[in-house]
**Q** 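I'd like to ask you about the structure that follows.
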Amino acid sequence: MASDPPKDWRFKLHEVIYESNTPAGKAFDVGLLIAIFSSIIVVMLDSVIGIHQQYGKLFNIMEWIFAALFTVEYILRLVSIRKPVSYVISPLGIIDLIALLPSYLSIFFIGAQSLLVFRALRLLRVFRIFKLGHFLTEINFLTQALKNSVRKISIFLLTVLTITVILGSIMYLVEKRENGFSNIPESIYWAIVTITTVGYGDISPITPLGKFVASVVMLIGYAIIAVPTGIITHDIAVAARQKKELPESCPSCSREGHDNDALFCKYCGSSLFK
């Protein structure tokens with residue numbers, strides 16, 4: 001029986017950096033998350049004037065250490081895949097770049113370091129580390145469900161808009177101008193705020209009939225909350241039944257979301273296992 005061909009260095013590096021199904025890969029990702037958490041804490045503490053005055057120099061040194069680590073990590077991600085451009089333009093690649101740039105922009109622009117909190121977006125990798133990759137799959141299901149629900153949601157929003165226009169106009173006729181309902185657009189604003197159960201309270205009905213209309217609007221608001229939730233939930237369930245995905249990423253383009261029985265990447269056509 002022939003033995004499996006040896007894996008090249010790029011594939012081994014890819015398994016460490018992009019995957020979490022090996023001890024080395026999991027250790028790398030856990031270390032990366034610790035570094036991200038630490039850098040975010042440093043940025044937050046540095047924004048406190050009293051702490052900045054006492055430890056500002058130390059925070060600055062630590063920030064550049066983190067910047068160097070994240071730069072090396074970003075370069076390794078590009079080197080470990082055969083098609084680095086695909087990673088650069090991928091959602092996680094864009095997030096990594098956005099999280100990296102503020103450190104270098106701070107050299108030229110004062111205050112750019114406050115943008116370093118964008119590194120919190122990189123904590124999305126925690127899903128992959130702790131074997132919660134199915135959450136990322138659910139994000140794909142949600143995206144597909146939203147696409148399938150666009151027409152239904154559009155009709156629903158048009159209906160809600162029509163209801164708010166009608167109820168706002170009725171409230172304009174019922175209430176007096178001195179009660180805050182000075183025009184129809186202002187009354188429609190009140191209807192939108194009320195029907196969405198926000199209720200700022202800057203405008204409120206005074207007359208008994210106005211309070212009755214407001215009560216109807218509130219009840220309608222609670223009734224319509226469940227409608228878009230039901231539509232999207234149904235489409236998510238349909239998408240989940242139709243498609244099962246692998247948690248592994250492609251060694252060429254780093255993209256995920258492949259079928260369970262897939263041998264080749266559906267985005268770039270490369271083999272998923274060598």
Side-chain angles (χ1 to χ4, degrees), residues 40 43-44 47-49 91-92 94-95 98-99 102 111-112 114-124 126-127 132 134-243 257:
I40 293 173
V43 173
M44 291 181 176
S47 66
V48 181
I49 296 178
L92 285 179
I94 294 174
I95 289 175
I98 291 175
S114 61
L115 299 176
L116 293 173
V117 293
F118 279 111
R119 286 177 182 167
L121 295 174
R122 305 188 71 192
L123 296 176
L124 290 172
V126 72
F127 294 125
L132 300 179
H134 57 278
F135 284 127
L136 294 178
T137 301
E138 292 300 329
I139 293 177
N140 294 331
F141 291 153
L142 179 59
T143 302
Q144 185 62 40
L146 289 175
K147 291 180 180 178
N148 296 337
S149 304
V150 168
R151 185 172 180 178
K152 300 174 187 176
I153 297 297
S154 299
I155 296 174
F156 168 75
L157 291 177
L158 180 61
T159 303
V160 174
L161 179 61
T162 303
I163 293 174
T164 55
V165 171
I166 294 173
L167 292 175
S169 301
I170 292 174
M171 188 60 73
Y172 170 73
L173 296 175
V174 170
E175 289 292 324
K176 299 178 181 179
R177 290 178 179 268
E178 54 267 23
N179 294 338
F181 299 87
S182 56
N183 51 61
I184 292 180
E186 194 76 20
S187 301
I188 292 175
Y189 157 77
W190 170 86
I192 293 174
V193 170
T194 305
I195 207 169
T196 55
T197 68
V198 176
Y200 289 125
D202 52 343
I203 305 174
S204 58
I206 302 298
T207 65
L209 184 56
K211 292 180 179 180
F212 173 77
V213 174
S215 301
V216 174
V217 174
M218 295 174 193
L219 292 175
I220 292 176
Y222 279 109
I224 66 176
I225 288 176
V227 175
T229 304
I231 293 174
I232 296 175
T233 302
H234 173 265
D235 287 329
I236 289 176
V238 172
R241 288 195 299 266
Q242 291 177 347
K243 191 174 183 180

**Q** Go through the steps to decide whether Leu167 and Ile220 satisfy the test side-chain contact (heavy atoms from CB on, under 4.5 Å), and finish with yes or no.
**A** CA-CA 11 Å; Leu167 292 175; Ile220 292 176; 4.1 Å; yes

**Q** Identify which one of Thr159, Ile166, Val165 satisfies the side chain to side chain contact (heavy atoms under 4.5 Å, CB included) criterion when paired with Thr162.
**A** Ile166

**Q** In terms of heavy-atom contacts, does CG of Leu158 have more than 12 from other residues, nucleotides or ligands at under 6.0 Å?
**A** yes

**Q** Sort and list the pairs that fulfil ring pair (Phe, Tyr, Trp, His ring centres under 6.0 Å) and have at least one residue in residues 156-179, not counting sequence neighbours.
**A** none

**Q** What pair of heavy atoms forms the shortest contact from Ile192 to Thr196, and how long is it?
**A** O-OG1, 2.7 Å

**Q** Could you state the interatomic distance from CD (Glu175) to OG1 (Thr207), rounded to the nearest 0.5 Å?
**A** 3.5 Å

**Q** Name each donor-acceptor pair under 3.5 Å that joins a side chain in residues 181-189 to protein atoms two or more places apart or in another chain, with its distance.
**A**
unit_1	atom_1	unit_2	atom_2	d
Asn183	OD1	Glu186	N	2.7
Ser187	OG	Asn183	O	3.0
Tyr189	OH	Asp202	OD2	3.0

**Q** CE of Met218 to CD1 of Ile195: how many Å apart, nearest 0.5 Å?
**A** 11.5 Å

**Q** For the CE atom of Met171 and the OG1 atom of Thr194, what is their distance to the nearest 0.5 Å?
**A** 7.5 Å

